[in-house]
Amino acid sequence: MRFLKLYLLTVLLMFSYGMHAQGLFKKKDSIVTKSLSESWELDQKDKNGTFRLNSYKPFYILPLQWSNRLNERPQSVGSEPAFKEPIDYQSTEVKFQLSFKTKILQSFLFGKGDLWMGYTQTANWQVYNKKLSRPFRELNYEPELIAVYPLNFSFFGFKGKMVGVGFNHQSNGRADPISRSWNRMMLHFAVERNNFQVYLKPWVRLGSGSEDDDNPQIEDYVGRAEANVIYKKNGHSLDLLWRNSLSFNENHGSIQFNYMYPIRNNLRGHLQVFSGYGENLIDYNHYQTTIGFGISFVEW
């Protein structure tokens with residue numbers, strides 16, 4: 001409880017300071033906000049060569065994440081629970097995410113397309129659970145390859161900026177009965193308008209229905225597509241991520257909201273709210289709502 005109180009006090013102080021700091025970070029150059037072209041090096045003037053690390057998805061640590069319905073008896077669809085008795089997890093834990101990408105081929109497709117390699121890792125850490133020796137409840141690893149081609153057209157005021165196709169693998173690196181993994185072919189499409197960026201990503205799961213499928217029907221819960229709407233201004237960022245199974249019968253999915261606000265230099269406060277299925281792989285068919293507070297880091 002001492003650690004919990006200390007983290008709670010720290011986060012509340014950062015949150016309060018962040019609210020005050022909003023008035024101190026008015027200048028556009030206080031925190032760099034990248035356009036889609038800068039993030040993915042779409043225009044010739046933004047090309048930076050290969051094997052240079054870039055930011056990808058949000059990079060954050062949430063010292064406090066609370067769940068209203070933590071998954072104490074994980075199980076796959078059609079299988080028995082992985083453990084005979086519920087695990088004595090605590091509803092409050094730490095969550096963090098690391099994410100980066102690097103270009104491995106430049107201008108290989110008609111002199112314009114690029115090939116990127118991305119990697120994202122998320123962790124749910126029961127750091128306050130002394131009784132269970134503070135274990136990592138879940139670790140997810142997500143490497144991917146993405147071929148991207150720049151676009152240049154206008155649609156209802158939005159500018160079409162890029163289209164791409166990628167191979168995505170996601171797993172938790174665990175042994176049965178709590179092993180979870182899947183492979184996807186994903187379509188990437190992105191448009192931009194002023195401070196708004198919109199990503200659309202439908203996908204097709206590979207290898208569904210195989211005998212060694214350790215998370216059957218995951219696409220019916222986590223989804224078959226996602227839409228990511230991002231608004232950035234003066235160091236503030238509003239990020240809405242919606243996933244959906246695209247099913248008319250039993251429609252499932254999730255929604256995640258992130259708000260990042262400037263604290264000091266490149267450090268930002270971070271509020272995250274999630275509701276739905278698939279907060280991580282072990283919870284792919286488990287519905288819950290989570291709220292997290294912490295810090296994040298801007299693009300480099």
Suppose the criterion is salt bridge (charged side-chain N to carboxylate O under 4.0 Å, His left out): which pairs have a residue in residues 273-296, not counting sequence neighbours? Lys95-Glu279, Arg137-Asp283
4.5 Å side-chain heavy-atom contact, Arg205 and Asn183: no
Kindly check if the number of other-residue, nucleotide or ligand heavy atoms within 6.0 Å of NZ (Lys159) is above 12? no
4.5 Å side-chain heavy-atom contact, Leu206 and Met185: yes
Taking only Lys NZ, Arg NE, NH1 and NH2, and the carboxylate oxygens of Asp or Glu, determine whether Glu142 and Arg184 approach each other closer than 4.0 Å. yes
Evaluate the criterion side-chain hydrogen bond (donor to acceptor under 3.5 Å, both in side chains) for residue pair Trp242 and Glu226; output intermediate values, then yes/no. CA-CA 5 Å; Trp242 176 64; Glu226 70 178 35; over 6 Å; no
Mind checking whether Asn228 and Lys201 have side chains closer than 4.5 Å, heavy atoms only? no
For the hydrophobic clusters of this structure (ILVMFWY residues joined by side-chain heavy atoms under 4.5 Å, transitively), does one cluster hold both Leu64 and Val94? yes
Run Lys161 and Val191 through side-chain contact (heavy atoms from CB on, under 4.5 Å) and show every step you take. CA-CA 5 Å; Lys161 298 300 296 183; Val191 299; 5.9 Å; no
Distance-only donor-acceptor hits, side chain of residues 104-115, under 3.5 Å, sequence neighbours excluded:
unit_1: Gln106; atom_1: OE1; unit_2: Gly49; atom_2: N; d: 3.0
unit_1: Gln106; atom_1: OE1; unit_2: Lys103; atom_2: NZ; d: 2.7
unit_1: Asp114; atom_1: OD1; unit_2: Lys47; atom_2: NZ; d: 3.4
unit_1: Asp114; atom_1: OD1; unit_2: Ser107; atom_2: N; d: 2.8
unit_1: Asp114; atom_1: OD2; unit_2: Lys47; atom_2: NZ; d: 2.7

When rounded to the nearest 0.5 angstrom, what distance separates CE in Met117 from OH in Tyr119? 11.0 Å
Shared-cluster residues of Phe83, by chain and number - hydrophobic side chains joined below 4.5 Å: Leu70, Ile87, Tyr89, Leu132, Ile178, Ile282
I need the minimum non-hydrogen distance between Ser237 and Arg268, along with the two atoms involved. CB-NH1, 3.7 Å
Smallest separation among heavy atoms of Ala123 and Leu139, with atom names: CB-CD2, 3.3 Å
Is it the case that Asp46 and Ser37 place a side-chain donor and acceptor less than 3.5 Å from each other? yes
In short, Arg52 meets Asn54 closest at the heavy-atom pair O-ND2, 2.6 Å
Working to the nearest 0.5 angstrom, can you tell me the gap between Leu42 CG and Ser35 OG? 8.0 Å
Centre-to-centre under 6.0 Å for Phe155 and Phe153, is that the case here? no
Transitively linked via ILVMFWY side-chain contacts under 4.5 Å: Val222 with Phe167? no
Just jot down the ring pair (Phe, Tyr, Trp, His ring centres under 6.0 Å) partners of Phe196, sequence neighbours excluded, or say none. Tyr231
CD-CG distance between Gln90 and Asp88, expressed to the nearest 0.5 angstrom: 7.5 Å
What pairs of residues pass the side-chain hydrogen bond (donor to acceptor under 3.5 Å, both in side chains) test when at least one of them lies in residues 72-83, not counting sequence neighbours? Ser76-Arg180
Any chance the side chains of His236 and Tyr259 put a donor and an acceptor closer than 3.5 Å? yes
Can you list the residues that meet the ring pair (Phe, Tyr, Trp, His ring centres under 6.0 Å) rule with His252, with sequence neighbours excluded? Tyr221, Tyr277
Can you name the closest pair of heavy atoms from Arg243 and Gly278 and give their distance? NH1-O, 4.2 Å
From NZ (Lys34) to CD (Glu41), nearest 0.5 Å: 8.0 Å
Heavy-atom side-chain contact between Tyr56 and Thr120 under 4.5 Å: yes
To the nearest 0.5 Å, tell me how far Asn168 CG sits from Ile146 CD1. 8.0 Å
Note, Met186 side chain near Val165 side chain (heavy atom, < 4.5 Å): no
Side-chain contact, heavy-atom cut-off 4.5 Å: Phe96 with Thr122? no
Taking the side chain from Ser179 and the backbone from Arg174, do they hold a donor-acceptor pair closer than 3.5 Å? yes
Single-linkage hydrophobic cluster Val77~Ile218, side-chain heavy atoms < 4.5 angstrom: yes
Side-chain hydrophobic cluster, 4.5 Å single linkage: members besides Phe248: none
Kindly determine whether Trp116 and Trp40 satisfy side-chain contact (heavy atoms from CB on, under 4.5 Å), including the steps that lead there. CA-CA 9 Å; Trp116 292 82; Trp40 290 93; 3.8 Å; yes
Connected to Tyr60, directly or through other members, by ILVMFWY side-chain contacts below 4.5 Å are Leu62
Any sub-3.5 Å donor-acceptor pair from Thr290's side-chain atoms to Trp66's backbone N or O? no
Going by heavy atoms in the side chains, are Val127 and Glu93 under 4.5 Å from each other? no
Under the ring pair (Phe, Tyr, Trp, His ring centres under 6.0 Å) rule, collect the residues that match up with Tyr149, sequence neighbours excluded. none
Which residues share a side chain to side chain donor-acceptor pair (under 3.5 Å) with Asn140, sequence neighbours left out: Glu138
Quick check: does any side chain N or O of Gln97 sit under 3.5 Å from a backbone N or O of Pro58, one acting as donor and the other as acceptor? yes
side-chain contact (heavy atoms from CB on, under 4.5 Å) assessment of Thr92 paired with Tyr128: CA-CA 8 Å; Thr92 301; Tyr128 310 114; 4.1 Å; yes
In sequence, state the C-alpha distance, the side-chain angles, and the governing distance for Ile230 and Val198, and then conclude on side-chain contact (heavy atoms from CB on, under 4.5 Å). CA-CA 6 Å; Ile230 304 168; Val198 180; over 6 Å; no
What are the two closest heavy atoms between Pro202 and Ala225, and how far apart are they? CA-CB, 3.7 Å
Answer yes or no: is there a side-chain heavy-atom contact under 4.5 Å between Phe59 and Ser99? no
Just checking Trp125: does its CH2 atom have more than 12 heavy atoms from other residues, nucleotides or ligands closer to it than 6.0 angstrom? no
Looking at residues at least two apart in the chain, or sitting in another chain, which of them share a salt bridge (charged side-chain N to carboxylate O under 4.0 Å, His left out) with Asp214? none
Would a hydrophobic clustering, with Ile, Leu, Val, Met, Phe, Trp and Tyr connected at side-chain separations under 4.5 Å, put Leu281 with Leu241? no
Using the rule that two of Ile, Leu, Val, Met, Phe, Trp, Tyr join whenever any of their side-chain heavy atoms come within less than 4.5 Å, decide whether Leu200 and Val229 are in one cluster. yes
Keeping Lys232 on the side-chain end and Leu238 on the backbone end, is there a donor-acceptor pair under 3.5 Å? no
Does any donor atom in the side chain of Ser171 or Ser181 lie under 3.5 Å from an acceptor atom in the other side chain? no
Between the OH atom in Tyr287 and the CG atom in Asn68, the distance rounded to the nearest 0.5 Å is 8.5 Å
Partners meeting ring pair (Phe, Tyr, Trp, His ring centres under 6.0 Å) with Tyr141 (sequence neighbours left out): none
Here the pair of heavy atoms bringing His270 nearest to Ser296 is ND1-CB, 3.3 Å
